Enquirer: 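Below are the structure tokens for one structure; questions will follow.
This chain uses plain numbering: 1 for the first residue, then up along the sequence. None of these values were measured; they are calculated from a predicted model.
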Amino acid sequence: MKLAYDPSHYRDNTNLRDTVDHVARLGYEYLELSPRKDFIWFYEYPKVDKQLITDLKRYTKDAGIKISSVLPVQQWSSPNEEERKAAVRNWKRSIEITSELGVDLMNTEFSGNKRMPVESEAAFLRSMEELIPLFEREGIKLNLQAHPNDFIETNTEAIRMIRALDKDWIKYVYSTAHAFYYDDGVGDVAKHFEEAGDLLAHVLFADTLNHKAAFGLRYIINPPDADVTIHQHLNIGEGEVDFDTLFAELRKMNFDGIATNSVFAYPDRPDWSNEVTLKKMKAGLGIE
């Protein structure tokens with residue numbers, strides 16, 4: 001199993017080199033390269049040249065860590081064709097960068113528009129038709145994540161789509177912070193993992209509250225009918241995800257993929273946050 005850290009806590013106020021050093025200091029062997037302005041940012045063309053790639057390879061080598069995966073987020077499922085084309089262009093460059101870094105795995109979200117699911121699915125499949133040959137040529141695997149507000153939010157539909165793609169190098173990312181979106185407020189993590197089966201390759205760890213609880217009034221939104229999507233990435237134990245069952249299921253499955261600390265809520269106290277969640281991850285996963 002690869003124990004990794006998503007350094008989103010550091011993305012706004014820490015340069016790339018210091019971020020890598022922080023991840024090593026926190027006790028990780030692996031770093032998940034999530035979106036950041038000085039490398040690959042959300043929905044934008046990557047601002048990366050050969051020198052920056054060379055520098056990042058040196059930073060990770062010097063710090064004694066490896067990049068577990070590169071995580072771009074692009075609107076490759078947009079029903080707007082110009083937006084989709086731009087996203088595919090950005091994806092192609094991101095794949096090239098990942099290959100040049102010597103990393104063989106990328107993970108991402110379905111994106112798209114949940115209010116236009118059929119159109120978004122069609123756009124996603126057009127994008128995959130263009131990108132699959134490049135992934136295969138570069139020898140890069142892909143893990144996909146259902147995400148709140150994407151055209152696929154639920155566990156069941158994410159698994160169905162990945163199986164429909166029918167590529168042995170495309171697997172599933174499960175985010176514990178999205179557990180209550182995966183089945184409309186139930187949070188049945190055992191069922192989620194049973195559905196995923198052999199597709200489960202990556203788990204992102206963070207806690208969250210059930211947004212469907214308290215008669216749907218867990219969060220007070222004004223006006224009440226505002227079209228918003230709310231979720232959190234808290235330390236394990238601060239929300240309502242059933243981590244006892246979740247860890248038991250992972251042990252039962254002999255999970256041997258990537259386990260990533262994906263807490264984003266404490267950029268003012270990242271060391272404390274990591275200490276809380278990493279300790280619980282290790283205990284739950286049976287890692288010394």
Side-chain angles (χ1 to χ4, degrees), residues 32-35 39-46 48 67-175 178 181-182 192 195-204 229 257-258 260:
E32 179 176 270
L33 192 56
S34 54
F39 208 77
I40 302 174
W41 189 235
F42 292 97
Y43 313 123
E44 295 182 2
Y45 188 79
V48 181
I67 299 172
S68 57
S69 57
V70 175
L71 195 177
V73 178
Q74 298 288 341
Q75 264 297 5
W76 59 344
S77 304
S78 173
N80 180 308
E81 183 61 7
E82 288 305 311
E83 187 174 43
R84 188 198 70 82
K85 287 179 179 178
V88 169
R89 180 175 62 244
N90 299 347
W91 256 107
K92 288 178 178 178
R93 178 59 183 142
S94 297
I95 293 170
E96 291 173 354
I97 292 166
T98 302
S99 179
E100 291 173 25
L101 284 170
V103 177
D104 68 354
L105 176 65
M106 302 179 79
N107 63 298
T108 192
E109 302 163 6
F110 281 103
S111 296
N113 185 338
K114 74 175 184 179
R115 293 152 200 87
M116 301 176 67
V118 175
E119 297 88 343
S120 295
E121 177 181 289
F124 171 73
L125 292 172
R126 283 198 300 275
S127 296
M128 290 301 294
E129 286 173 357
E130 293 183 55
L131 293 172
I132 280 175
L134 183 55
F135 277 111
E136 293 182 334
R137 184 166 70 245
E138 297 293 345
I140 294 175
K141 301 183 292 292
L142 178 66
N143 291 339
L144 292 168
Q145 174 192 168
H147 194 280
N149 207 47
D150 284 5
F151 86 93
I152 293 180
E153 290 186 312
T154 68
N155 193 76
T156 300
E157 290 305 314
I159 296 302
R160 286 173 176 166
M161 177 57 73
I162 293 170
R163 294 202 185 281
L165 294 171
D166 201 20
K167 297 289 184 182
D168 59 10
W169 49 270
I170 302 179
K171 302 290 187 181
Y172 186 45
V173 182
Y174 183 94
S175 175
H178 306 158
Y181 279 93
Y182 287 157
H192 299 166
E195 287 181 331
D198 60 344
L199 290 179
L200 183 66
H202 193 164
V203 179
L204 310 178
T229 299
I258 302 173
T260 299

Enquirer: CZ of Phe135 to OG of Ser99: how many Å apart, nearest 0.5 Å?
Expert: 11.5 Å
Enquirer: side-chain contact (heavy atoms from CB on, under 4.5 Å), that's the test. Do Leu165 and Leu144 meet it? Break it down for me.
Expert: CA-CA 11 Å; Leu165 294 171; Leu144 292 168; 4.0 Å; yes
Enquirer: Decide whether His202 and Thr260 meet the rule of one side-chain donor and one side-chain acceptor closer than 3.5 Å.
Expert: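 On atom types as modelled, these side chains qualify, holding a pair under 3.5 Å.
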Enquirer: What closest approach, in Å, do Asn155 and His192 show between heavy atoms, and which atom pair accounts for it?
Expert: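 Scanning both residues completely, I find the closest heavy atoms to be ND2-O, 3.2 Å.
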Enquirer: Would you mind reporting whether Ile97 and Val70 have side-chain heavy atoms less than 4.5 Å apart?
Expert: no
Enquirer: Under the side-chain contact (heavy atoms from CB on, under 4.5 Å) rule, what do Leu131 and Ile95 come out as? Steps first, then yes or no, please.
Expert: CA-CA 9 Å; Leu131 293 172; Ile95 293 170; 4.2 Å; yes
Enquirer: Find out whether Glu83 and Tyr43 are in side-chain contact, i.e. whether some heavy atom of one side chain is under 4.5 Å from a heavy atom of the other.
Expert: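 The answer is no, as the side chains (C-beta and beyond) never meet within the 4.5 Å cut-off.
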Enquirer: Please examine the side chains of Lys167 and Leu142, heavy atoms only from C-beta on, and report whether any two atoms are closer than 4.5 Å.
Expert: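 Leu142 does not reach Lys167 side chain to side chain.
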Enquirer: Looking at every heavy atom in both Trp76 and Glu109, which two are closest together, and how far apart are they?
Expert: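 That closest heavy-atom pairing would be NE1-O, 3.1 Å.
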Enquirer: Taking C-beta and beyond as the side chain, do Thr229 and Lys114 meet within less than 4.5 Å on heavy atoms?
Expert: yes
Enquirer: I'd like to check the side chain to side chain donor-acceptor pair (under 3.5 Å) partners of Lys141; sequence neighbours left out, ordered by chain and number.
Expert: Asp104
Enquirer: Assess the residue pair Ile170 and Met128 against the criterion (side-chain contact (heavy atoms from CB on, under 4.5 Å)); give the C-alpha distance rounded to whole Å, side-chain angles, the decisive distance to 0.1 Å, and a yes or no.
Expert: CA-CA 11 Å; Ile170 302 179; Met128 290 301 294; 3.8 Å; yes
Enquirer: Mind running side-chain contact (heavy atoms from CB on, under 4.5 Å) on Lys92 and Arg89 for me, showing each step along the way?
Expert: CA-CA 5 Å; Lys92 288 178 178 178; Arg89 180 175 62 244; 5.8 Å; no
Enquirer: Are Asn113 and Glu119 packed together at the side-chain level, in the sense that at least one heavy-atom pair is separated by less than 4.5 angstrom?
Expert: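 No, their side chains stay 4.5 Å or more apart.
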Enquirer: What are the two closest non-hydrogen atoms of His178 and Ala146, and how far apart are they?
Expert: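 Smallest heavy-atom distance, with atoms named: ND1-O, 3.5 Å.
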Enquirer: Whether Glu81 and Arg84 form a salt bridge (side-chain N of Lys/Arg under 4.0 Å from carboxylate O of Asp/Glu) is what I want to check.
Expert: yes
Enquirer: Over all heavy atoms of both residues, which pair between Phe39 and Val48 is shortest? Give the atoms and the distance, please.
Expert: O-CG2, 3.2 Å
Enquirer: Between the side chains of Glu100 and Arg93, is the shortest nitrogen-to-carboxylate-oxygen separation below 4.0 Å, so that they form an ion pair?
Expert: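 Answer for the salt bridge query: yes.
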Enquirer: For Ser94 and Pro72, which heavy atoms make the closest approach, and how far apart are they?
Expert: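 It is OG-CB, 4.1 Å.
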Enquirer: Please examine the side chains of Glu130 and Trp91, heavy atoms only from C-beta on, and report whether any two atoms are closer than 4.5 Å.
Expert: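 No, every pair of side-chain atoms sits at 4.5 Å or beyond.
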Enquirer: What distance do Ser78 atom OG and Phe124 atom CZ have between them, rounded to the nearest 0.5 Å?
Expert: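 Ser78 OG to Phe124 CZ: 14.0 Å, rounded to 0.5 Å.
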Enquirer: Could you tell me if the side chain of Leu125 sits less than 4.5 Å from the side chain of Met161, heavy atoms only?
Expert: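 Side chain of Met161 against side chain of Leu125, heavy atoms only: contact under 4.5 Å found.
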Enquirer: Using every non-hydrogen atom in the two residues, find where Ile159 and Ala196 come nearest and quote the distance to one decimal.
Expert: CD1-CA, 3.6 Å
Enquirer: When rounded to the nearest 0.5 angstrom, what distance separates CE in Met106 from CG in Asn143?
Expert: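 Interatomic distance, Met106 CE to Asn143 CG, rounded to 0.5 Å: 11.0 Å.
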Enquirer: How long is the straight-line distance from CD of Glu32 back to OG of Ser68, given to the nearest 0.5 Å?
Expert: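 Rounded to the nearest 0.5 Å, the OG-CD separation comes to 5.5 Å.
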Enquirer: Quick check for you: to the nearest 0.5 Å, what is the distance between Gln145 atom CD and Tyr172 atom OH?
Expert: 8.0 Å
Enquirer: With sequence neighbours excluded, what pairs up with Gln74 under the side chain to side chain donor-acceptor pair (under 3.5 Å) test?
Expert: Asn90
Enquirer: Hey, is the main chain of Ser175 close enough, under 3.5 Å, to the side chain of Tyr182 for a donor-acceptor pair?
Expert: yes
Enquirer: Under 3.5 Å, side chain of Glu153 to main-chain N/O of Asn149, donor-acceptor pair present?
Expert: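 It does hold such a pair.
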Enquirer: Apply the test salt bridge (charged side-chain N to carboxylate O under 4.0 Å, His left out) to residues Arg160 and Glu157: give CA-CA distance (whole Å), side-chain angles for both, the deciding distance (0.1 Å), then the verdict.
Expert: CA-CA 5 Å; Arg160 286 173 176 166; Glu157 290 305 314; 2.5 Å; yes
Enquirer: Is there a donor-acceptor pair closer than 3.5 Å between any side-chain N or O of Asp150 and the backbone N or O of Ile152?
Expert: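 Answer holds: no.
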Enquirer: What I'd like to find out is whether the side chain of Pro35 reaches to under 4.5 Å of the side chain of Leu71, using heavy atoms alone.
Expert: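 Side-chain contact under 4.5 Å: yes.
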